2 protein chains.
Amino acid sequence: MESRIERLCIDRGLKMTGQRRVIARVLSEADDHPDVEELYRRATALDSRISVATVYRTVRLLEEKGILERRDFGGGRARYEATEHGHHYHLIDIDTGRVIEFEDAEHEQLMRQIATRLGFDLVSHRMELFARRRPQGVGQSMGQGAGTAGTAVDERVAGKGR
Amino acid sequence: MESRIERLCIDRGLKMTGQRRVIARVLSEADDHPDVEELYRRATALDSRISVATVYRTVRLLEEKGILERRDFGGGRARYEATEHGHHYHLIDIDTGRVIEFEDAEHEQLMRQIATRLGFDLVSHRMELFARRRPQGVGQSMGQGAGTAGTAVDERVAGKGR
DNA sequence: TTATATGCAAACAGTTTGCATGGGT
DNA sequence: ACCCATGCAAACTGTTTGCATATAA
């Protein structure tokens with residue numbers, strides 16, 4: 001089956017090799033922010049004939065084509081997510097590494113104003129919150145908790161503007 | 001003469017070696033956001049008996065002591081600035097690499113609210129604007145222009161909140 | 001068929017580190 | 001004198017790249 005990202009690749013005239021198709025699928029199915037190592041892991045699980053070099057090359061290509069966006073959440077490794085969901089920001093749980101996405105309508109506008117005030121045209125911006133899960137009141141535990149710290153099982157959060 | 005940062009080192013009981021004194025001085029006199037390579041360059045200009053390794057170690061030590069703050073403006077290299085000036089943000093001129101600092105009172109509060117809404121306590125946050133100098137009206141060129149792109153001759157800008 | 005994508009391993013850049021030596025306190 | 005800081009070079013991590021081979025169009 002043709003994955004969403006494979007479609008985008010085809011639309012932009014990219015040659016669809018076996019490994020690209022696999023990587024495209026992995027990316028299409030990812031709803032988190034995997035780094036190259038993780039993408040490589042997922043891809044080789046589907047087809048072992050893929051090298052890290054190819055993942056790096058593909059990821060770079062897709063970024064240039066505007067299909068992917070590179071993120072830097074600190075920690076030295078670049079992480080990727082598909083370009084699609086409207087502008088959103090990230091909150092990184094410093095204890096678990098989990099990344100939560102959120103939107104905030106006001107921000108982009110505010111940042112644009114600031115740039116303008118300084119005599120610039122805003123090209124892009126980034127904002128990340130590093131935070132710690134607030135200790136819950138009594139007992140009422142939280143669906144997925146402090147358990148599996150480490151691997152970032154990212155989640156997405158709706159909510160719009162404050 | 002004892003530099004501002006040397007003072008801080010002494011206050012925290014750090015052993016003041018010759019190279020630390022020099023690096024402390026370089027940092028005290030810097031009003032930009034130098035990376036290790038640049039710090040090393042400035043330091044060895046004052047005293048050649050300093051190795052990059054020492055700069056790396058010192059910079060890490062000072063960061064742990066809360067005297068320095070590490071920044072990541074993209075480009076792979078960490079950049080440093082003394083902890084002191086109140087919370088401020090950075091706008092990076094994508095054409096020249098120059099970094100402009102600015103303040104915005106509203107932001108911290110706003111970010112804190114967002115974290116709270118998501119069930120977190122904000123620990124730290126970062127925000128960077130990548131922008132391009134707005135093309136000036138007619139002819140009137142700009143003091144220091146597109147000329148020497150590359151080296152970041154940072155500047156500081158006052159202004160408070162929008 | 002022909003240009004382009006891949007694998008492999010070597011090359012790179014930034015940063016860290018082991019070890020013997022030097023220098024503060 | 002003692003322990004910590006330093007220099008040097010080797011090690012490491014994430015990422016890129018040269019080259020011969022494989023493959024999509």
Side-chain angles (χ1 to χ4, degrees), chain A residues 2 5-7 9-27 33-41 43-44 46-65 67-68 70-80 97 152, chain B residues 2 5-7 9-27 33-41 43-44 46-65 67-80 97 150 152:
Chain A
E2 180 187 271
I5 290 191
E6 178 177 352
R7 177 78 259 147
C9 290
I10 295 172
D11 291 347
R12 308 196 188 201
L14 297 183
K15 185 191 282 188
M16 286 315 290
T17 67
Q19 20 282 79
R20 275 191 192 164
R21 215 181 310 278
V22 171
I23 295 173
R25 182 172 150 203
V26 166
L27 287 168
H33 307 74
D35 56 27
V36 167
E37 192 183 332
E38 178 62 23
L39 289 174
Y40 174 62
R41 200 174 297 130
T44 48
L46 299 178
D47 181 340
S48 60
R49 297 173 293 188
I50 296 179
S51 73
V52 237
T54 296
V55 178
Y56 273 108
R57 283 192 268 235
T58 303
V59 124
R60 179 145 55 109
L61 176 69
L62 298 197
E63 194 200 352
E64 285 164 0
K65 294 298 183 183
I67 296 175
L68 274 191
R70 190 206 314 248
R71 300 283 176 211
D72 163 30
F73 295 151
R77 328 148 86 82
R79 298 171 63 171
Y80 296 86
Chain B
E2 180 186 274
I5 291 192
E6 178 178 351
R7 176 78 261 149
C9 290
I10 295 172
D11 290 347
R12 306 192 192 206
L14 297 183
K15 186 192 280 188
M16 286 316 290
T17 67
Q19 20 282 78
R20 274 190 193 165
R21 215 182 308 279
V22 170
I23 296 173
R25 181 172 150 204
V26 166
L27 287 168
H33 307 75
D35 56 27
V36 167
E37 191 182 332
E38 178 62 24
L39 287 175
Y40 175 60
R41 200 175 298 129
T44 48
L46 299 179
D47 181 340
S48 60
R49 297 172 292 187
I50 297 179
S51 73
V52 237
T54 295
V55 177
Y56 274 107
R57 282 192 268 235
T58 303
V59 125
R60 178 145 56 108
L61 176 69
L62 298 197
E63 194 200 352
E64 285 164 0
K65 294 297 183 184
I67 296 174
L68 274 191
E69 283 177 15
R70 189 207 315 248
R71 300 284 175 211
D72 163 30
F73 296 151
R77 330 151 83 84
R79 298 172 62 172
Y80 295 86

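Just so it is clear: chains get the letters A, B, ... in the order the sequence lines come, proteins before strands, and each one is counted from 1. For the numbers below, each heavy atom of this structure counts, side chains included, while hydrogens, waters and symmetry mates do not. On a predicted model such as this, the values are computed, not experimentally measured, just so you know.
Atoms CD (Glu38(A)) and P (dT15(D)) sit 14 Å apart, rounded to a whole Å. Distance, Asp35(A) CG to dT13(D) P: 14 Å, rounded to whole Å. To the nearest angstrom, C1' of dT6(C) lies 12 Å from CG of Asp47(A). If you take OH of Tyr40(B) and P of dT15(C), they are 15 Å apart, rounded to a whole angstrom.
Not a single donor-acceptor pair under 3.5 Å links the side chain of Arg21(A) to the backbone N or O of Glu6(A). For the pair Arg79(A) (side chain) and Asp72(A) (backbone), a donor-acceptor distance under 3.5 Å is absent. No side-chain donor-acceptor contact under 3.5 Å links Thr44(B) to the backbone of Asp47(B). Put simply, the side chain of Arg71(B) never gets that close to the backbone of Ala78(B): no donor and acceptor are under 3.5 Å apart.
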Output side-chain donor-acceptor pairs under 3.5 Å for residues 52-63 of chain B, partner residues at least two apart or in another chain, one line each.
unit_1   : atom_1 : unit_2   : atom_2 : d
Thr54(B) : OG1    : Ser51(B) : OG     : 3.4
Thr58(B) : OG1    : Thr54(B) : O      : 2.7
Glu63(B) : OE1    : Arg70(B) : NH2    : 2.9

ask   = In the 5'-to-3' direction, what one-character label does each nucleotide of nucleotides 17-25 of chain C receive under the scheme B = base within less than 4.0 Å of a protein heavy atom, S = sugar-phosphate only, - = no such atom?
value = BB----BSS

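For Arg20(A), the listed nucleotide lying nearest its side chain is dA5(C); candidates were dA5(D), dA5(C), dT15(D).
Leu46(B) is linked by a side chain to side chain contact (heavy atoms under 4.5 Å, CB included) to Val22(B), Arg25(B), Val26(B), counting only residues two or more places apart in sequence or in another chain.
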